[in-house]
Every structure is written in C-alpha cells, then in structure tokens.
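Keep in mind that the numbers below use all heavy atoms, side chains included, and drop hydrogens, waters and symmetry copies. Model, not experiment: these values are computed from the prediction.
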Amino acid sequence: MAHTKMKNDVSVQVTDSFWKRYMDVVRREVLPYQWEALNDRIPGAVPSRAIQNFKIAAGEAAGEFHGFVFQDSDVAKWLEAAAFCLENERDEVLEQAADEVIALIGRAQQKDGYLNTYFTVKEPNGRWSNLRDQHELYCAGHMMEAAVAYYRATGKKAFLDMMCRFADYIDETFGREESKIRGYDGHQEIELALVKLYDVTGDQKYLNLSRYFIDERGQQPHFFDVEREKRGDNRPFFWNESYGYHQAHVPARKQKKAVGHAVRAMYMYTAMADLALRLNDETLKKACEDLWENVTTKQMYITAGIGSMEFGEAFSTDYDLPNGTAYTETCASIGLVFWAKRMLELQADAKYADVMERALYNGTISGMDLDGKKFFYVNPLEVKPETSRYRQDHHHVKTVRQKWFSCACCPPNLARLLSSIGQYMYTVRQDELHVHLYAGNKAAVELNGQQVTIHQETSYPWDETVKLTVMPDEEGTFTVALRIPGWCKQAELRVNGEKIDYEAFIKRGYVYLKRKWMQGDQIELLFPMPVEKIRANPKVKENAGKAALQRGPVVYCLEEADNGKELSSIKINKHSVFSAAFKPDVLGGVVVIEGEGVREREELWGEALYQPVHKHSVGVSIKAIPYFSWCNREPGEMAVWIREES
C-alpha cells in the first residue's frame with residue numbers, strides 16, 4: 001500500500017470573539033484551576049492525587065496509589081492542553097510548569113520504557129495482565145498525544161523521546177509473533193496516538209502498530225477470553241456479557257452500527273479514519289462511512305451529543321434518544337469532533353463539517369460553565385431538579401456543574417479541544433484550501449508552492465456575515481473551497497463585490513473557487529439565520545409532538561430562570577413567531593430568542609391528576625438561550641424540546 005504522511009499544513013491564529021474568549025478562559029482559568037485540582041489544592045473538590053502518584057512512582061514521595069487505574073491520563077491531557085496554549089501564545093510560567101511535570105514523568109518512567117503509575121506503585125507484577133479493564137495502553141496513548149503536541153509547540157524533544165521509548169517497548173511486546181502478546185486495550189486511544197507519533201517521527205513501525213491494534217480487535221479466538229482464562233477470572237462481563245462494549249464484538253472492518261461505550265467508539269473510529277487515509281485503505285474508509293451514517297442519522301442528539309445510555313456510557317438502539325436520562329458524555333461529543341475532522345481529511349464532504357460544527361457549538365462547550373471552573377460530565381436535554389434528586393434512573397443527571405470528578409476525563413479533554421480549535425478550521429489538499437469553520441482568524445498556508453495568508457473576519461455564530469481576505473505572496477492560481485452549512489438554505493457569495501451564482505461550483509456542500517488570486521481579494525458570505533423550528537424523526541418517540549429551536553448552528557433551550565417552572569406546560573404552534581437579538585449583558589453575550597406561545601393554566605387543574613381534554617391556556621412570552629450556556633444562573637429546569645400545539 002502507498003502511504004500518505006501527514007503534517008501541519010495550516011498555521012492558524014484565532015482572533016474570533018467567540019472562540020478566543022474560550023481559549024483565553026482555558027489559558028487563564030481552566031489550566032491553572034485544573035493544575036490545582038491535579039495537585040489536590042481545591043477545597044471541596046474530589047481529590048485527584050494524579051501528580052502525587054507520579055511522585056510516588058518516581059520514588060520521591062511515600063504513600064499508596066490513589067484514584068482510577070487511568071489517573072495518569074488526566075495529567076497527560078492537561079499537558080496536551082498546555083502544549084496547544086503554548087503553540088498559540090508563549091507563556092514562560094506555563095511552559096516551566098509543563099517542563100517540571102515532564103521531568104517528573106521521566107523520573108517515573110521505568111528503565112525499559114514502561115510508564116504507568118498504577119502498575120509501578122500498586123501492581124508491579126501485574127503489567128498487561130488485564131488489558132480489557134486496566135487502561136494501560138489508553139494511558140500510554142494520551143501520554144503520546146501530549147508528547148507530540150508539546151514537541152510541535154516548543155521544539156523540545158525530551159518528552160517525545162520518552163514516549164518513543166515507551167512506544168518501542170509496546171511494539172516489542174504486542175503483535176502476532178509467537179513471543180508477543182496478541183492483544184489490545186479495552187479502551188481505545190493508543191491507536192490514534194500512534195498515528196500522531198508516526199506523523200511527527202516518520203517511523204513506520206508506529207503506523208504498523210496502530211494498524212495491528214485495529215485489525216486484531218474482535219478476531220477469534222477472542223483475546224479478552226484468552227486473557228480472562230489466563231488470570232482465572234470466571235465472572236461474566238458486566239455489559240450484557242458482550243464485547244460490543246469495547247467495539248471488539250466483530251473485526252473493525254465489518255462493523256456497521258455503533259455499539260458500546262461511546263468515547264471508546266469515537267477514539268477507535270478516529271484512528272480508523274487516520275489509517276484509511278495514510279494507508280489508502282478503502283475497506284477501512286467504507287467501514288468509517290457506514291459507522292458515520294449510523295451514528296449521525298440514527299443515534300445522535302440535536303446537540304451532537306452521543307451515547308444515550310447511562311449503563312456503560314453507551315450507545316443504545318437506533319432512534320432511542322431520551323432527553324431526561326440522556327448520558328451524552330462531554331468526552332463523547334469531543335471524540336465526535338476528532339472523528340469528523342479525520343473524515344474531512346478523507347473526503348471534503350460538508351456533512352462531516354456540519355456535525356463537527358454542531359458538536360463544537362452545542363454538545364462540547366455545554367460541559368463547562370462560562371468561567372471555566374465547573375463542569376458537566378453528562379449533558380442532558382431536559383432537566384427537572386426534583387426528578388434528578390429522587391429517581392435512581394436520573395442519578396447521573398446533575399442540575400449544576402461540578403467542581404471536579406473522581407473520574408475527571410472530561411475537563412482536561414475539553415481544555416485540549418478548545419485550546420486547539422484552530423486545527424479544525426481548514427484542510428489543505430495540494431492547491432485546494434477547504435474552509436470548514438467560520439471564525440475570526442489569520443491563517444498561513446502553502447498552496448501550489450507559494451505562501452498564502454487568509455484573514456477571516458466574522459461575528460459568527462451570532463452574525464450572518466463572513467469576510468475572507470486572500471493574500472498570496474504573489475498572484476497565483478489555486479482553489480478556495482467554502483462550506484455552505486447544511487442548516488443554511490439561501491447563502492449568498494460575493495468575490496470582490498461581485499455576486500457569484502455558485503451552484504455550478506458546488507460539490508458535496510463546498511463551493512470551489514479556482515482562480516488567479518491577487519493580494520487583497522475578498523470573499524464575502526452571507527448565511528441567513530432565521531429561527532428554525534426543528535422536529536425529530538417520528539421514530540424518536542420522546543420528541544413526538546415537540547419541536548426544538550435552532551438559529552444557525554446553535555441549538556436553544558428554555559430555562560426556568562427565564563420562563564418559570566413547569567416548562568412542560570409551555571407550547572408553541574405553527575403560528576408562533578420568534579425574533580433573535582444579541583444581548584451583550586446576558587450570559588457573557590449571546591443571541592437570545594424571544595417569541596410567543598401558550599401555557600396551560602395550572603389553576604384550572606386544582607388537585608386533579610387527570611381530566612377531560614380542554615383548551616384552557618393563556619398566552620405567554622417565551623425566551624430561549626443557547627443550550628451551551630444553560631446552568632450559568634440560578635439552578636432550575638431546562639428543556640430543549642418544546643411541546644407543539646396543533
């Protein structure tokens with residue numbers, strides 16, 4: 001097979017008022033806050049002890065290992081987020097802190113390259129004995145991702161060299177050769193990390209090892225059965241006695257329906273797309289396409305939340321998308337963004353960018369409050385505090401964000417996504433620059449052998465207009481491909497003030513503008529953003545007779561703070577008209593939707609639980625806020641889907 005080696009083709013400086021605010025929050029608030037959490041210095045928060053574990057493993061402190069077997073990964077994700085922040089803007093204090101942690105990790109690494117504080121401290125003779133459950137390769141993968149990011153940001157090789165030693169040791173340990181372990185991890189992550197390691201080092205064995213881990217998964221005899229028998233474990237597996245939980249029920253290339261733990265699935269599908277591109281592997285590409293269709297057309301919430309089931313943090317069945325018990329882990333939506341970007345690298349199709357955008361503006365950033373100090377692990381689409389308090393099947397649904405978690409995968413995962421947002425805006429293919437996301441930025445790219453700067457100006461997603469200024473070093477011919485968002489029905493396009501009828505130039509949702517570009521050429525886009533009432537497929541029974549409000553890429557919700565209690569008594573109808581206006585003093589500055597609806601008159605019910613159908617309702621004003629911004633005021637009810645009156 002011919003191999004394709006990837007590199008960073010676009011350098012992006014984010015200037016966007018929406019995303020730059022989040023990036024600044026990550027730098028100024030989230031990373032320092034999470035650093036304090038990792039060092040157990042936040043009063044009232046669940047202790048992490050992650051840094052302490054490394055000190056114990058390095059022989060620099062006494063004590064027992066504390067936390068989950070994957071506690072190391074929290075430190076790795078913090079380091080990766082720090083690396084992305086340093087790539088965006090130099091910060092000596094942050095870099096010094098990162099260097100000190102990296103040095104500590106180096107002192108904890110074993111002589112043969114192995115690194116895992118749980119097994120070094122707690123089970124020194126237990127290496128690789130329970131890959132199904134113990135996350136060894138998962139933690140290794142996160143460390144490798146962090147090392148690659150840190151090397152790219154700073155040019156320092158110490159961390160990268162450490163992780164190459166670890167990867168070399170893993171390569172010597174796993175494989176189909178008789179002397180090696182013919183296995184793989186229960187939680188995918190190393191597969192995509194090895195591809196990143198290959199991209200930055202050019203070492204073919206890392207790409208081959210990633211492919212091995214993908215291809216070995218689900219083969220018979222089943223590794224998890226062999227491993228379980230070897231350790232004398234006769235207990236049935238907790239998740240329906242099925243290895244679908246780990247996406248190991250059948251070989252990866254034969255999978256067509258998303259099952260099991262949603263985050264594991266996203267990381268695996270991301271790696272599959274990575275490999276499909278670099279190995280020009282059509283069977284892996286086809287598997288990714290089939291899985292994409294299942295996830296995004298049958299198992300995805302309107303917020304791009306995925307994994308509806310609390311049991312196993314998992315996918316359920318097609319169209320099973322309950323609102324009040326939705327699990328929709330923050331990490332799962334983040335993983336969907338990773339996968340979408342890889343699918344865009346495989347093929348420029350706007351359906352991938354549409355989902356990526358939906359996840360970014362809705363299902364990911366809902367996981368953090370506006371000041372970056374509290375977090376949601378679970379992102380439901382409907383909340384009633386009394387129900388969450390008393391019903392066991394709602395116990396995972398929190399009505400306020402938490403300071404930290406004992407399983408703290410989501411906060412640092414979100415930090416690394418937000419601090420690397422510029423990496424998701426563009427893709428380069430020879431003489432083509434694909435514009436996937438609209439946000440203020442300055443991008444430097446090489447097209448047809450010449451340097452080109454793109455200056456993008458917009459107040460998207462609140463404003464409908466986008467302006468791109470194209471500045472090649474010298475005039476030349478290349479292509480700028482612009483995504484027309486799937487939610488936009490009547491986009492307008494102008495080049496240097498001249499309106500373009502772009503229908504003849506559109507392919508898979510992108511308008512291809514190939515021309516001789518000159519310094520200062522301007523592209524102007526208009527994306528009308530009316531308030532849309534969205535309905536779900538009738539097969540989604542929980543949303544029968546309901547609609548959701550959406551403007552542009554942003555999904556809205558009703559919150560008790562604006563509309564009072566008992567949101568389920570509010571209805572809209574086909575005559576309901578909604579207006580949208582930017583409110584700088586609301587929730588840090590958002591577009592608020594306002595309109596008219598009706599509300600059932602509670603006083604007419606009295607103490608009756610049931611009564612004959614009646615039309616006793618009263619007109620009310622409705623106010624909706626972006627879903628991502630809910631729970632930043634006083635706690636209360638929230639609902640995305642609103643009843644419709646016929």
Side-chain angles (χ1 to χ4, degrees), residues 68 70 73-74 77 135 138 141-142 145 186-189 191-192 239 244-247 255 257-273 288 291-343 352 354-368 375-381 396-398 401-402 405 407-418 420 424 555 627-628 640:
F68 290 96
F70 46 80
S73 66
D74 294 345
K77 282 181 279 192
H135 293 67
Y138 166 85
H142 274 304
E145 284 198 88
H187 196 313
Q188 301 91 319
E189 159 61 25
E191 297 85 350
L192 66 90
W239 199 77
Y245 176 75
H246 314 85
Q247 296 78 43
Q255 295 184 28
K257 175 182 169 66
V259 300
H261 190 275
V263 178
R264 298 174 197 234
M266 291 302 102
Y267 289 178
M268 184 175 92
Y269 302 162
T270 296
M272 288 166 63
C288 287
L291 288 162
W292 181 271
E293 289 305 305
N294 177 255
V295 169
T296 61
T297 68
K298 294 181 174 64
Q299 299 202 70
M300 185 180 76
Y301 285 89
I302 192 172
T303 56
I306 55 173
S308 64
M309 191 164 59
E310 187 265 343
F311 178 60
E313 304 178 321
F315 290 103
S316 177
T317 58
D318 292 350
Y319 304 107
D320 181 37
L321 298 168
N323 298 308
T325 58
Y327 200 76
T328 49
E329 183 182 342
T330 302
C331 282
S333 283
I334 292 170
L336 183 59
V337 173
F338 297 161
W339 184 26
K341 180 57 163 60
R342 283 9 181 253
M343 295 302 288
Y352 303 128
D354 285 345
V355 169
M356 181 169 73
E357 179 182 72
R358 183 176 293 274
L360 285 169
Y361 284 107
N362 300 287
T364 58
I365 54 177
S366 59
M368 183 176 77
F375 307 91
F376 275 144
Y377 194 102
V378 173
N379 297 273
L381 280 75
H396 58 287
V397 177
K398 305 303 180 187
R401 292 178 177 86
Q402 308 296 296
F405 307 97
C407 175
C409 53
C410 296
N413 214 1
L414 188 54
R416 68 177 181 145
L417 173 70
L418 292 171
S420 63
Y424 298 88
V555 175
Y627 169 76
F628 73 79
V640 169

Atom pair [atom1] ([X]) and [atom2] ([Y]), whose distance is rounded to the nearest 0.5 Å:
X	Y	atom1	atom2	answer
Met266	Ile306	CE	CD1	3.5 Å
Ser308	Tyr319	OG	OH	14.0 Å
Glu145	Lys77	CD	NZ	9.5 Å
Met368	Phe628	CE	CZ	10.5 Å
Trp292	Thr297	CH2	OG1	11.0 Å

Just by distance, do the side chain of [X] and the backbone of [Y] share a donor-acceptor pair under 3.5 Å?
X	Y	result
Arg342	Ala271	no
Glu191	Glu189	yes
Thr364	Ile334	no

Are any of the side-chain heavy atoms of [X] and [Y] separated by less than 4.5 Å?
X	Y	value
Phe375	Thr330	no
Phe70	His187	no
Asp318	Gln299	yes
Leu321	Ile302	no
Tyr138	Gln188	no
Asn379	Thr303	no
Val640	Tyr301	no
Val355	Met343	no

Requested in this report: Quick one: sort the Tyr267 and His142 rings into parallel, tilted or perpendicular, breaks at 30° and 60°.
Outcome: perpendicular
[X] and [Y]: which non-hydrogen atoms are nearest, and at how many Å?
X	Y	answer
Ala304	Ser333	O-OG, 2.8 Å
Leu417	Phe338	CD1-CE2, 4.2 Å
Cys331	Asn413	SG-ND2, 3.1 Å

Query raised in the report: Have Gln255 and Gln247 got a donor and an acceptor in their side chains that come within less than 3.5 Å?
Result: no
Query raised in the report: Among side-chain atoms of Glu313 and Tyr327, is any donor-acceptor pair under 3.5 angstrom?
Result: yes
**Report entry** All ring pair (Phe, Tyr, Trp, His ring centres under 6.0 Å) counterparts of Tyr245, not counting sequence neighbours
**Finding:** Phe237, Phe238, Trp239, His261
Report task. Could you tell me which residues satisfy ring pair (Phe, Tyr, Trp, His ring centres under 6.0 Å) with Tyr269, sequence neighbours excluded, listed by chain and number? Result -> Trp339
Query raised in the report: Restricting to pairs with a member in residues 261-270, which pass salt bridge (Lys or Arg N to Asp or Glu O under 4.0 Å), not counting sequence neighbours?
Result: none
